[in-house]
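Keep in mind that the numbers below use all heavy atoms, side chains included, and drop hydrogens, waters and symmetry copies. Keep in mind that this is a model prediction, so the values were computed, not measured. Every number for a ligand or one of its atoms is a count from 1 in the order of the listing.
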Amino acid sequence: MVAKQHTKPDPHAFTVCYVRRSAHHRWLCCDITFSCPNQGLRQQWIQAISENLALLSHRPRCLLVYINPHGGRHLAKWIYDRKVAPLFCRAGISTDVIITERANHARDHLRAQHGDLKKYDGVVCVGGDGMVNEILHGLVSRTQTDHRVDQNQPDAHLVPCSLRIGIIPAGSTDCICYTTMGTNDPVTSALHIIVGDSQPMDVCSVHNNNTFLKYSVSLLGYGFYGDVLTDSEKKRWMGPLRYDLAGVKTFLSHNYYEGSIWFVPAQETQGQPRDQEQCLAGCHVCQQGSYSEKKKLKHLSEDEKFIKGSGSEWCVVRGKFLAVNAATVSCACPRSPRGLSPSAHLADGTADLILVRKCSRFGFFRHLLRHTNADDQFDHPFVEVHRVRRFLFQPKNQEVSDSTEDLSDSEMEKRVKTNAFRPICHASDDITAQSNWTCDGEILPHAAIQAAVSVMNSTTNARQKERQREK
Ligand SMILES: CCCCCCCCCCCCC/C=C/[C@@H](O)[C@H](CO)NC(=O)CCCCCCCCCCCCCCC
Ligand SMILES: Nc1ncnc2c1ncn2[C@@H]1O[C@H](COP(=O)(O)OP(=O)(O)OP(=O)(O)O)[C@@H](O)[C@H]1O
Ligand SMILES: [Ca+2]
């Protein structure tokens, strides 16, 4: 990995650090020491290795690090200082470190940067999913503002960010890290950052009433997970255990919610949620998806792109649901190593919409339990799963009237765009109980939402551009 001067008595030796793959997707940093017959040869080797490393333009040289000292077990600073900083130092990476002082500190700090981010090759997040989401918002919002993209438009085409986000897991679930890296090991994350790995990600934008609410990169959950998160927020002092306690409580409450879900299915070439394909580096579904989408949309106007890009048909499902989950990625995490939707893809522009209808407590328990073993959690009569590119959810008291089923697709599009769905309840109607959505573990106090998935790729960073110019 990095050549460095040897400190042992042999004056003609030098040590090279390298990455070794270990079990369960873990990476280790190892050393190997070479002995040279003379000082001159030693210097030649060190110089040659250093020069070759300097040519690797995708490797970061300067990083902006945010540490959330309050995430997970409150160990983020310790993890960074003990496990990550020494590796960055050995790799010759310089860092500016900010320890956050409040929620949204990192997001606001990033939003406030104008040209000041140019010196960095990436932003590192030391924390959990909520913290990754915060940093994502800071970077994406900064980029859209710079390019005058109106984020309140549900069909706005997001401009890719020029900086990559590195994730050092130090939260309670660390689902985004586990899903992308295959493990929640801080050293593995640090080594992926050092060697300059990158992975495009699907970003799901969430709107209500033509107002931008949030981006999600893991789970958008209504009903069960929304209730678990809402309850667990009151127990934050308990650390990761709060989810188990809130989970049992929510499970016993067995609340269900009525509403309708409208969605645009993904193309058949984008696979099926139950095809047992696993999204790995270089995944052909993700590559094919983004290529064919780009090719198809190349010669269309912006309006045509929206209509075509959103698919040809809207489907609707109505009923009483224990959970409505949109998994943009598999959502694998230590609690559920295959995740909520094991075959979901990281960057295919789709989410897997999992609808769990009202069923018995025993049935729901069996469904949940299957997230922890090799059994198929979708193999229940009360569970359905669809791969979708966009969807909207209307709770019972705001349901879309039946007459919309006769609408043409373009009329439906127009209504989605203008949010022409008004509550159809009357003053005498009972207002059905509503849940909240959880978005990467943060609560959205809205029930009616519109969501659309797009792939977010980081553009070539400044250092790569510089190197390309030199060539
Ligand atoms: C019988 C055992 C069942 C175990 C079921 C485990 C299913 C776990 C599925 C986890 C999926 C996580 C998806 C990631 C979401 C993240 O964006 C978010 C932010 O970090 N984390 C959570 O929402 C954190 C969500 C944590 C949810 C924990 C739910 C625990 C349920 C316990 C039910 C117990 C029934 C007991 C009956 C007596
Ligand atoms: N200094 C701080 N004080 C209080 N809250 C903070 C601070 N810095 C960040 N936060 C907020 O804490 C929230 C939770 O943090 P984080 O995601 O790191 O941990 P977690 O919730 O325990 O883990 P996970 O999201 O993986 O379940 C984030 O949404 C973030 O906005
Ligand atoms: Ca996806």
What do we get for His105 next to ligand 2 when only non-hydrogen atoms under 4.0 Å count, side chain, backbone, both or neither? neither
Which of the ligand 2 atoms, numbered from 1, are nearer than 4.0 Å to a heavy atom of Gly72: 19 (O), 20 (P), 22 (O)
Between Asp440 and Asp129, is there a donor-acceptor pair closer than 3.5 Å when you use the side chain of the first and the backbone of the second? no
If you scan protein heavy atoms around atom 27 (O) of ligand 2, the nearest is Tyr243 OH, 2.8 Å
To 10 degrees, how wide is the angle OD2 (Asp202) to the Ca ion (ligand 3) to OD1 (Asp348)? 70°
Determine, considering heavy atoms only, which of His70, Arg236, Glu134 sits nearest to atom 14 (C) of ligand 2. Arg236
Atoms in ligand 2 flagged as close to Arg242, the criterion being non-hydrogen separation under 4.0 Å: 20 (P), 21 (O), 22 (O)
For Tyr215, I'd like to know if atom OH has over 12 heavy atoms of other residues, nucleotides or ligands within 6.0 Å. yes
Parallel, tilted or perpendicular for Phe391 and Trp437, by the 30°/60° rule? tilted
The protein heavy atom nearest to atom 5 (N) of ligand 2 is Ala103 N, 3.7 Å
With a 3.5 Å distance limit and no angle check, can you tell me whether Gln113 reaches the backbone of Leu139 through a side-chain donor-acceptor pair? no
Against Val84, only a single residue in Val65, Ile168, Val126, Ile67 fulfils side-chain contact (heavy atoms from CB on, under 4.5 Å); can you say which? Ile168
closest protein heavy atom to atom 1 (N) of ligand 2 is Thr100 O, 3.0 Å
Check: Thr328 side chain, Val203 main-chain N or O, donor-acceptor pair, under 3.5 Å: no
Specify the closest pair of heavy atoms between Tyr80 and Pro86, including all atoms of both residues, with the distance to one decimal. O-CD, 4.2 Å
Could you tell me whether some N/O pair between Pro69 and ligand 2 is separated by less than 3.5 angstrom? no
How far is atom 17 (O) of ligand 2 from its nearest protein heavy atom, and which residue and atom name does that atom have? Gly130 N, 2.9 Å
Take atom CZ of Arg361 as the centre, draw a 6.0 Å sphere, and report whether it contains more than 12 heavy atoms from other residues, nucleotides or ligands. yes
Distances only, to 0.1 Å: what are the N or O pairs between ligand 1 and the protein that fall under 3.5 Å?
residue: ligand 1; atom: 17 (O); partner: Ser218; partner atom: OG; Å: 2.9
residue: ligand 1; atom: 20 (O); partner: Asp129; partner atom: OD2; Å: 2.5
residue: ligand 1; atom: 20 (O); partner: Thr173; partner atom: OG1; Å: 3.1
residue: ligand 1; atom: 21 (N); partner: Thr173; partner atom: OG1; Å: 3.2

What do you reckon, are the aromatic ring centroids of Tyr66 and His109 less than 6.0 Å apart? yes
Salt bridge or not for Asp116 and Lys119, using N-O below 4.0 Å? no
Closest to atom 18 (O) of ligand 2 among protein heavy atoms sits Gly128 N, 2.7 Å
Given Ser218, Pro240, Ser172, Ala76, which one has a non-hydrogen atom that is nearest to atom 20 (P) of ligand 2? Ser172
Give a rough value, rounded to 10 degrees, for the angle at the Ca ion (ligand 3) between atoms O of Thr350 and O of Thr328. 100°
Answer yes or no: does an N/O atom from Gly127 fall short of 3.5 Å to an N/O atom of ligand 2? no
Any N or O on Gly71 sitting closer than 3.5 Å to an N or O of ligand 2? no
Asp129 heavy atoms within 4.0 Å reach ligand 2 at atoms 17 (O), 24 (P), 25 (O), 26 (O)
When every non-hydrogen atom of Cys279 is compared with those of Ala344, the smallest separation belongs to CB-O, 3.7 Å
Side chain Asn152, main chain Thr211, donor-acceptor under 3.5 Å: no
Gly171 N/O under 3.5 Å from ligand 2 N/O: no
What's the shortest distance from atom 15 (O) of ligand 2 to any protein heavy atom, and which residue and atom give it? Asn68 ND2, 2.9 Å
More than 12 non-hydrogen atoms from neighbouring residues, nucleotides or ligands closer than 6.0 Å to CZ on Arg20, yes or no? no
Location of contacts on Glu233 toward ligand 2, heavy atoms closer than 4.0 Å: neither
For a quick test of reading the model, state the closest non-hydrogen atom pair linking Ala266 to Thr350 and the distance between them. CB-CG2, 3.7 Å
Taking all non-hydrogen atoms of both residues into account, name the closest pair between Asn133 and Ser216 and its distance. ND2-CA, 4.2 Å
Are any N, O or S atoms from His345 nearer to the Ca ion (ligand 3) than 3.0 Å? yes
Relative to each other, are the rings of Phe251 and His254 parallel, tilted or perpendicular (30° and 60° limits)? perpendicular
With nothing but distance in play, are any N or O atoms of Asp440 less than 3.5 Å from an N or O of ligand 2? no
Are more than 12 heavy atoms from other residues, nucleotides or ligands located less than 6.0 Å from atom NZ of Lys83? no
Distance filter under 4.0 Å to Glu442 heavy atoms, resulting ligand 2 atoms: 29 (O)
